[in-house]
Q: 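Okay, here's the structure, questions in a sec.
Values below: all heavy atoms of this structure, side chains included; hydrogens, waters and symmetry mates excluded.
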Amino acid sequence: MSTRIVTRDGTGLFARVSGPESAPVTVLLAHGWTLDERCWAPVADALAVGAPGAGPAPRVIRYDHRAHGRSDDTPDELKTLDVLADDMAEVITRLAPSGRWSSRGTRWAG
């Protein structure tokens, strides 16, 4: 399922969610600089299948950071790590408000 989250400052963030809300854990996947949520497609697909003997598959959330992919652009002063952290917190609050979760990400620098 694709969805759009509007942050407190009005920026729209594109997100893709797979797996049931009842999954025992949610995995949040965050991409690196110049990428978008599509870079996580192979990982999300593998997680959806689950591992033999590992229990139920998790719910997976992947989203485009502001000014990346299908999310809105913002003024440069709103392109900071603090704002990105606030965005991630909003994604978690809106799409995984309860239960266990884990996050994974890629590097932002070389």
Side-chain angles (χ1 to χ4, degrees):
M1 160 189 91
S2 298
T3 189
R4 194 161 189 76
I5 296 168
V6 178
T7 65
R8 283 176 265 155
D9 66 17
T11 303
L13 302 178
F14 175 84
R16 186 176 307 276
V17 182
S18 57
E21 287 186 37
S22 62
V25 67
T26 298
V27 177
L28 178 71
L29 302 173
H31 64 78
W33 185 57
T34 74
L35 299 173
D36 62 32
E37 59 83 22
R38 293 175 296 179
C39 75
W40 286 108
V43 174
D45 291 346
L47 287 170
V49 173
R59 185 168 191 227
V60 178
I61 299 170
R62 46 194 172 123
Y63 70 103
D64 289 337
H65 295 296
R66 58 180 59 223
H68 289 77
R70 287 166 276 187
S71 290
D72 296 344
D73 199 359
T74 58
D76 287 346
E77 61 269 14
L78 294 176
K79 295 175 184 170
T80 68
L81 290 177
D82 287 340
V83 172
L84 290 176
D86 290 343
D87 289 349
M88 181 181 282
E90 287 199 53
V91 168
I92 293 166
T93 299
R94 304 260 180 91
L95 299 178
S98 62
R100 296 174 31 217
W101 61 273
S102 177
S103 64
R104 298 293 179 261
T106 59
R107 297 167 42 143
W108 273 78

Q: For a side-chain hydrogen bond (donor to acceptor under 3.5 Å, both in side chains) check, start with the C-alpha distance between Arg100 and Ser102, then their side-chain angles and the critical distance, and finish with the verdict.
A: CA-CA 7 Å; Arg100 296 174 31 217; Ser102 177; over 6 Å; no
Q: Sequence neighbours left out, what pairs pass side-chain hydrogen bond (donor to acceptor under 3.5 Å, both in side chains) with at least one residue falling in residues 83-95?
A: Arg8-Glu90, Arg66-Asp87, Glu90-Arg94
Q: Under the salt bridge (Lys or Arg N to Asp or Glu O under 4.0 Å) definition, can you give me all pairs with a residue in residues 43-56, not counting sequence neighbours?
A: none
Q: Do Ile92 and Trp101 have side chains that get closer than 4.5 Å, going by heavy atoms?
A: yes
Q: Indicate the atoms forming the closest heavy-atom contact of Pro58 with Ala23, along with that distance.
A: C-CB, 3.9 Å
Q: Lys79 vs Asp73, test: side chain to side chain contact (heavy atoms under 4.5 Å, CB included). Steps then yes/no.
A: CA-CA 9 Å; Lys79 295 175 184 170; Asp73 199 359; 3.0 Å; yes
Q: Looking only at heavy atoms, which two atoms of Val83 and Leu78 are closest? And how far apart?
A: CG1-O, 3.3 Å
Q: Out of Thr7, Leu13, Thr11, which one pairs with Ser71 under the side-chain contact (heavy atoms from CB on, under 4.5 Å) rule?
A: Leu13
Q: Less than 4.0 Å between a side-chain N and a carboxylate O, is that true for Asp64 and Arg4?
A: no
Q: Would Val60 and Thr26 count as a side chain to side chain contact (heavy atoms under 4.5 Å, CB included) here? Give the steps.
A: CA-CA 6 Å; Val60 178; Thr26 298; over 6 Å; no
Q: Please list all pairs meeting ring pair (Phe, Tyr, Trp, His ring centres under 6.0 Å) that have one or both residues in residues 40-64, counting only residues at least two apart or in different chains.
A: Tyr63-His65
Q: Going by atom types alone, do Thr80 and Asp82 pair a side-chain donor with an acceptor below 3.5 Å?
A: no
Q: Between Val43 and Met1, is there shared hydrophobic-cluster membership here, with clusters defined by ILVMFWY side-chain heavy atoms closer than 4.5 Å?
A: no
Q: Under the salt bridge (Lys or Arg N to Asp or Glu O under 4.0 Å) rule, what pairs show up with a residue in residues 49-60, not counting sequence neighbours?
A: none
Q: Other members of the hydrophobic cluster containing Val6, with the 4.5 Å side-chain heavy-atom rule, please.
A: none
Q: In terms of hydrophobic clustering (I, L, V, M, F, W, Y; side-chain heavy atoms under 4.5 Å; direct or indirect links), are Ile5 and Met88 co-clustered?
A: yes
Q: Please report the interatomic distance NE2(His68) to OG1(Thr34), rounded to the nearest 0.5 Å.
A: 6.0 Å
Q: Determine whether Val17 and Val91 fall in the same hydrophobic cluster, where Ile, Leu, Val, Met, Phe, Trp and Tyr are linked whenever their side-chain heavy atoms lie under 4.5 Å apart.
A: yes
Q: How would you list all residue pairs meeting salt bridge (Lys or Arg N to Asp or Glu O under 4.0 Å) that involve residues 25-44, not counting sequence neighbours?
A: Arg16-Glu37, Asp36-Arg38, Glu37-Arg62, Glu37-Arg70
Q: Locate the shortest heavy-atom distance separating Pro24 from Ala57; write the atom from each residue and the value.
A: CD-O, 4.2 Å
Q: Show your working on side chain to side chain contact (heavy atoms under 4.5 Å, CB included) between Ile61 and Leu29 and close with a plain yes or no.
A: CA-CA 6 Å; Ile61 299 170; Leu29 302 173; over 6 Å; no
